[in-house]
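Taking it in order: structure first as structure tokens, then the write-up.
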There are 2 protein chains.
Amino acid sequence: MAVNRLTLGSRPDPASSEPVGFRPLYRQVKEVLVDRIARGAWRGGEAIPSEIEIAAELATSQGTVRKALDEMAAENLVVRRQGRGTFVARHDDARILFQFFKLAPDEGEPRFPESRVLRIGLAAADEAAARHLGLAPGTGVVELVRERSLGGRPAVFERIVLPAKPFAPLCDRPVPNNLYDLYATRFGVTIGRARERLKAVAAGPEESASLGVAPGAPLLLVDRIATAIDGRPAEWRISACRTDDLHYLSDLR
Amino acid sequence: MAVNRLTLGSRPDPASSEPVGFRPLYRQVKEVLVDRIARGAWRGGEAIPSEIEIAAELATSQGTVRKALDEMAAENLVVRRQGRGTFVARHDDARILFQFFKLAPDEGEPRFPESRVLRIGLAAADEAAARHLGLAPGTGVVELVRERSLGGRPAVFERIVLPAKPFAPLCDRPVPNNLYDLYATRFGVTIGRARERLKAVAAGPEESASLGVAPGAPLLLVDRIATAIDGRPAEWRISACRTDDLHYLSDLR
DNA sequence: CAGTGGTCTAGACCACATG
DNA sequence: ATGTGGTCTAGACCACTGT
């Protein structure tokens with residue numbers, strides 16, 4: 001197995017014309033670890049080696065490894081537990097609820113929604129889908145339309161577009177409620193972050209039928225691009241949300 | 001002047017019934033520094049003492065002070081610049097745009113909006129305002145209604161409610177475009193974070209007139225409670241936003 | 001040049017979890 | 001008792017900024 005050679009903190013060649021500037025050691029350590037997680041070296045929930053072991057393997061100090069792991073913990077890639085170890089973060093319902101599902105009832109606790117699939121199948125990426133997912137137009141994609149309910153009442157009508165490679169097998173069996181956990185465990189695609197653009201729109205016929213609101217009623221439209229931890233866009237999702245007794249929570253800090 | 005006594009990292013009395021658990025030294029250092037900023041020991045943009053000076057004053061190590069300052073930088077309380085020093089964060093337009101103003105044009109760069117005040121005056125807090133601001137109902141509040149434009153076109157119609165203490169003088173002279181900077185420099189209230197709840201609603205008569213949209217057109221309603229760095233709610237703001245060629249940006253990470 | 005924050009190291013000890 | 005991450009310290013050196 002190849003040894004991980006890390007350049008030292010000091011520049012090896014001061015006259016070099018590298019445009020990268022200075023790359024701290026702890027970022028290189030982080031890069032190695034993120035890459036290993038992205039390649040599935042450990043499963044979600046599994047413990048990674050201890051700081052001391054990683055430090056020994058990469059020939060650096062425990063403090064440097066710690067700084068790398070602290071950054072990864074801040075990005076929700078990893079969970080650290082004193083006395084137990086460092087674990088690859090899982091997309092369990094609690095995390096989804098905290099990080100990715102921002103819709104909550106006006107009164108009462110946030111809950112994870114139930115889902116009902118309305119349509120699923122393969123299609124060719126139109127111009128918008130191709131642009132959002134970084135594909136060539138016409139590339140195969142999986143298209144999934146579903147309805148999500150909170151407290152037994154339909155709340156979200158959404159359309160999800162994924163690259164057929166590697167997600168095509170999704171069409172073959174029932175899809176679970178929690179998709180991001182499935183992406184990670186079955187397809188090795190770990191979603192790291194997402195960017196959402198929100199608009200208020202008038203309900204169209206399909207949305208109004210699904211959500212039980214009048215046509216033209218105001219709905220919150222959430223346009224999300226979710227990105228894997230290797231930085232590649234992995235999912236495009238448009239959700240129309242009822243907000244009569246729900247709201248979208250955004251923390252500014 | 002009182003000396004800042006910090007407890008050591010080890011528990012002074014293992015049999016003590018203190019419910020606080022363990023309070024790391026660096027958090028106590030942070031607490032001291034946050035408190036000094038909240039009390040206006042340094043103005044926004046001003047440099048605070050160097051790590052070495054703070055460490056000497058509080059009789060701790062540079063590394064501990066650094067950890068405190070790093071956390072404060074992560075919370076946007078402070079800006080650190082290599083070679084120059086550590087500065088109290090200012091609510092300049094760039095920061096507002098990044099942290100608090102999430103509305104951006106669908107095409108083109110985000111910009112800071114212009115504002116036009118429609119009404120300002122003193123009032124008694126109704127039940128909702130009192131609850132949001134942690135006041136007794138009937139307490140005096142400042143109420144400000146304004147219209148904000150992007151690219152010369154009205155985009156946001158908003159109502160802002162503030163405690164009359166200490167904000168009453170706002171009514172006496174023209175209010176600037178950037179309110180959070182004013183809160184900090186003139187009233188010593190530094191906004192640290194905010195929680196926004198979003199809904200899609202139908203435009204009412206006042207909103208539709210101000211924003212130039214049809215009555216009943218869908219608008220994005222943003223209900224914000226902004227909190228000062230000492231943790232107290234300082235502002236309640238409800239904004240109705242046009243989203244035909246704008247969107248609200250939410251980064252999930 | 002001196003002074004600042006940033007990185008890296010090494011070691012000691014603490015808090016926590018598990019066996 | 002052992003091993004994990006968390007805190008704290010001390011010191012060396014690097015990168016950056018201003019004088």
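Letters A, B, ... mirror the listed sequences (proteins, then strands); counts begin at 1.
- Under the 4.0 Å criterion applied to side-chain N and carboxylate O atoms, A:R253 and A:D251 are assigned as salt-bridge partners.
- B:S239 and B:E158 are linked by a side-chain donor-acceptor pair at a separation below 3.5 angstrom, with hydrogens and angles left out of the test.
- Using a 4.0 Å cut-off, some side-chain N or O of A:K67 falls inside it from OP1 or OP2 of C:dT7.
- If you take CD of A:Q28 and P of C:dT7, they are 12 Å apart, rounded to a whole angstrom.
- Candidate nucleotides C:dG5, D:dG6, D:dT7 were compared by shortest atom distance to the side chain of A:R80, and D:dG6 ranks first.
- In this structure, A:F87 atom CZ and C:dA17 atom P are separated by 11 Å, rounded to whole Å.
- Residue B:T64 has its side chain nearest to D:dC8 when only D:dC8, C:dT7, D:dG5 are considered.
- Between A:L58 atom CG and C:dT9 atom P there is a gap of 11 Å when expressed in whole angstrom units.
- Neither OP1 nor OP2 of D:dC8 sits under 4.0 Å from any side-chain N or O of B:S61.
- Between the base of D:dG6 and the side chain of A:R66 there is a donor-acceptor pair shorter than 3.5 Å.
- Taking the side chain of B:D70 as heavy atoms from C-beta on, and the options C:dG6, C:dG5, D:dT9, the nearest nucleotide is C:dG6.
- As rounded to whole Å, 9 Å separates atom C1' of D:dT7 from atom CG of B:L25.
- Between A:L69 atom CG and D:dG6 atom P the separation is 9 Å, expressed in whole Å.
- Between A:R84 and C:dT18, a side-chain N or O to OP1/OP2 separation shorter than 4.0 Å is present.
- Closest approach to the B:T86 side chain among C:dG5, D:dG5, D:dC8 is made by C:dG5 (side chain taken as heavy atoms from C-beta onward).
- Counting non-hydrogen atoms under 4.0 angstrom, A:R81 reaches the backbone sugars and phosphates but no base.
- In this pair, B:F100 and B:H91 present their aromatic rings tilted. The plane angle is within the 30 to 60° band.
- At the phosphate of C:dT9, OP1 or OP2 sits under 4.0 Å from a side-chain N or O atom of A:T60.
- Side-chain polar atoms of A:R193 and A:T227 form no donor-acceptor pair below 3.5 angstrom.
- Going from atom CD of A:Q82 over to atom P of C:dT18 covers 12 Å, rounded to whole Å.
- Between B:Y248 and A:Y248, the ring planes are perpendicular. Angles over 60° get that label, and only those under 30° would be called parallel.
- Atoms CD (B:E51) and P (C:dG6) sit 7 Å apart, rounded to a whole Å.
- OP1 and OP2 of C:dG3 both lie 4.0 Å or more from every side-chain N or O belonging to B:S50.
- A:I48 has its CD1 atom 19 Å from the P atom of D:dG3, to the nearest Å.
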